[in-house]
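Below: one structure, written as structure tokens.
Below, chain A is the first sequence line, B the second, and so on; all start at residue 1.
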Protein chains: 2
Amino acid sequence: MELYHLRTFVTVAEEQHLTRASERLFTSQPAISAHIKALEEELGVTLFERTPRGMQLTPAGALLLDRARQALAAAGDFLQHARSIKDELIGTLRIGLNTDACFLRLLELQGGLSERHPRLEIEFHAGSTGANIPALRVGKLDASFVSGECDDPLLESYVLCEEELAVAVPERMRESIGPADIHALARHPWVFTSPDCAYYGVMRALFEAHDCAPVKTVMANQDDALRTMVAGGVGLGILRRVDIEEAAKSAPIYALPLELPTVSLRFAHLRTRANDPVIRAAVAELSRVWSLALPVQEQAV
Amino acid sequence: MELYHLRTFVTVAEEQHLTRASERLFTSQPAISAHIKALEEELGVTLFERTPRGMQLTPAGALLLDRARQALAAAGDFLQHARSIKDELIGTLRIGLNTDACFLRLLELQGGLSERHPRLEIEFHAGSTGANIPALRVGKLDASFVSGECDDPLLESYVLCEEELAVAVPERMRESIGPADIHALARHPWVFTSPDCAYYGVMRALFEAHDCAPVKTVMANQDDALRTMVAGGVGLGILRRVDIEEAAKSAPIYALPLELPTVSLRFAHLRTRANDPVIRAAVAELSRVWSLALPVQEQAV
DNA sequence: ACGACGCCATCACAATTCCTGAACGCTCGA
DNA sequence: TCGAGCGTTCAGGAATTGTGATGGCGTCGT
């Protein structure tokens with residue numbers, strides 16, 4: 001039994017007429033006749049009484065008509081539901097984070113994505129640049145914010161902004177620091193990040209240029225934690241200048257007037273997934289939030 | 001879209017494997033592959049992710065799987081329901097009555113039919129032999145009790161019993177009747193039936209044999225009514241002897257000791273419907289109730 | 001690192017099914 | 001009595017579906 005048997009059954013029951021039913025079903029009358037006959041033989045039930053005026057449902061046929069309609073309706077539901085999610089993004093978008101939500105404008109990103117793709121579940125995974133890139137490569141993340149250069153050939157990335165960095169100093173060390181002398185700074189304790197963080201590279205470059213190395217004390221792989229350490233007087237650290245200045249209002253911390261290289265905030269994903277609708281949706285939303293003109297991607301496939 | 005698409009979809013989703021699914025569905029792996037492909041193209045939705053280990057549902061596919069199962073279940077319900085009523089008698093059996101329910105053993109007939117064919121609706125239509133035969137011919141009745149000969153070539157009939165008739169006389173006329181003299185009887189008023197009733201034939205034959213005709217007063221086409229008329233003193237009438245004797249216990253009526261010809265009680269239906277399952281069920285039940293050995297009907301298709 | 005294995009997609013061809021158009025039997029109404 | 005309308009049947013043709021072999025791709029074990 002196939003759906004066309006049921007469709008024919010219901011149509012003939014409604015029209016009480018093979019010829020009219022065949023017209024409604026855009027086929028020939030013998031075909032309709034064969035459908036009914038095949039269905040009756042498979043069921044072992046006579047569905048219609050053949051009269052000179054047409055086809056009239058038998059009591060058994062009338063009993064079965066409703067069930068046939070229900071089956072057709074269920075199949076129709078399936079189709080309709082499929083059509084309704086045809087152009088919808090379904091699934092989960094896992095985004096890696098490398099710094100605080102506010103700076104990454106997560107609220108706007110989430111709001112835009114959820115509005116445009118209500119069936120797309122979004123997961124933000126806290127992490128760091130160094131942890132997120134391998135996670136991208138093994139598929140634990142779909143996309144990620146990263147800082148610094150992104151020369152991995154497997155990854156596509158978009159620059160969102162340049163992060164201006166500065167050396168954050170605890171207030172209690174203000175007098176012992178004095179003017180910004182690199183060699184003097186190196187002798188103070190530092191709160192540092194893991195080597196795979198872009199800030200680490202900035203810090204290392206700063207001292208290597210002057211042939212010295214900082215005294216390391218504590219590692220904090222999250223800039224919120226790092227800032228807290230600095231404010232607590234544990235040592236110096238590298239943070240975004242705007243963050244330091246913001247924190248200075250309520251914490252014993254200030255930014256050294258030392259010029260540091262900037263670092264790019266990027267959004268990265270696997271190149272192989274560049275045409276994945278979920279990735280494209282994420283990039284498109286990101287380009288809105290960050291006012292980029294980037295997503296001029298070719299409409300592949 | 002046809003049911004086999006859905007069946008394949010669900011099976012592949014369950015097996016997560018085209019080859020295993022094809023084995024479960026007793027077909028080849030390329031066929032399964034084609035089903036899935038066709039379904040995906042019709043829906044515009046990718047249902048599976050092809051992995052080196054097999055087929056894995058996409059989120060959209062998972063969303064649709066339930067609906068597909070529901071559609072299949074609905075179709076299965078249809079089939080199962082059809083099978084369950086396959087050998088059941090469905091519909092209405094309209095039986096014409098020509099006399100009282102007790103004499104026709106209707107209660108037993110109804111009980112047996114309802115027990116054996118719970119979905120068969122039974123209608124008893126009060127009438128008379130004369131009215132029931134045309135009703136049979138035009139299809140207003142499926143079967144009918146009739147009295148008398150049944151020489152209609154369109155009708156098949158079974159003799160259930162012989163009705164012994166007698167002349168019913170009101171008590172108040174007992175003295176004026178005296179011995180059973182036909183000529184004398186003819187001069188009394190008669191409650192008669194319509195000419196198409198078998199009793200009418202008996203009455204006419206009785207008088208024609210003696211070259212006289214009765215005085216007619218009232219027609220009563222139902223023997224209950226006729227008996228009531230006789231008991232009320234309206235005139236003489238022909239009834240079953242057993243009925244008169246039964247009525248004599250509580251009504252001013254008695255049976256003349258005059259021998260009358262018997263009349264056959266029959267059960268009749270259209271010959272063309274001899275193999276109609278409903279008719280056969282009725283005849284079969286009737287033969288039980290009346291202990292007949294009649295229904296030795298050929299098991300024609 | 002390399003070969004073997006398992007999976008799915010594809011292809012050309014065979015088998016089946018499905019549909020078509022015409023003819024037939026039947027009933028009803030004119 | 002005849003014609004119109006309806007469903008059934010039939011043979012032939014068209015379309016769909018299924019088959020077996022092949023190939024690409026990835027993984028796993030050695």
- prompt: Is there a side-chain polar atom (N or O) of B/Thr19 under 4.0 Å from OP1 or OP2 of C/dC8?
  reply: yes
task: Using a strict 4.0 Å threshold on nitrogen-to-oxygen distance, state whether B/Arg69 and B/Glu14 make a salt bridge.
output: yes
task: Could you tell me the separation between the CD atom of A/Glu15 and the P atom of D/dC6, rounded to a whole number of Å?
output: 12 Å
field: Distance in angstrom units between A/Arg20 CZ and D/dG7 C1', rounded
entry: 13 Å
task: Using a cut-off of strictly less than 4.0 Å, decide whether B/Lys37 has a side-chain nitrogen or oxygen near OP1 or OP2 of C/dC8.
output: no
query: Separation of B/Ile36 atom CD1 from C/dA9 atom P, in whole Å?
result: 9 Å
- request: Give a yes/no on whether any side-chain N or O of A/Ser33 is located under 4.0 angstrom from OP1 or OP2 of D/dT8.
  value: yes
task: Starting from C1' on D/dA4, measure out to CZ on A/Arg53 and report it in whole angstrom.
output: 14 Å
message: I need the CG-P distance between A/Leu18 and C/dG25, as an integer number of Å.
response: 19 Å
message: Rounded to whole Å, how long is the line connecting atom CD1 of A/Ile32 with atom P of D/dG7?
response: 11 Å
message: Do the side chains of A/Arg266 and A/Glu156 get close enough for a salt bridge, i.e. N-O under 4.0 angstrom?
response: no
query: Less than 4.5 Å apart, any side-chain heavy atom of B/Arg119 and any of B/Ile85?
result: yes
message: What does the B/S/- profile of nucleotides 14-26 of chain D look like, 5' to 3', with a 4.0 Å heavy-atom cutoff to protein?
response: ---SSBBB----S
field: NZ/NE/NH1/NH2 to OD/OE distance under 4.0 Å, A/Glu121 and A/Arg94
entry: no
- line: residues 48-65 of chain B vs side chain to side chain donor-acceptor pair (under 3.5 Å), sequence neighbours excluded, gives B/Glu40-B/Arg50
statement: Rounded to whole Å, CD of B/Glu23 lies from C1' of C/dG6 at a distance of 13 Å
message: Are the side chains of A/Phe124 and A/Ile122 in contact, using a 4.5 Å heavy-atom criterion?
response: yes
- prompt: Nearest-Å distance, CG (A/Leu39) to P (C/dC18)?
  reply: 13 Å
message: Among residues at least two apart in sequence or on other chains, which ones pass side-chain hydrogen bond (donor to acceptor under 3.5 Å, both in side chains) with A/Arg288?
response: A/Glu285
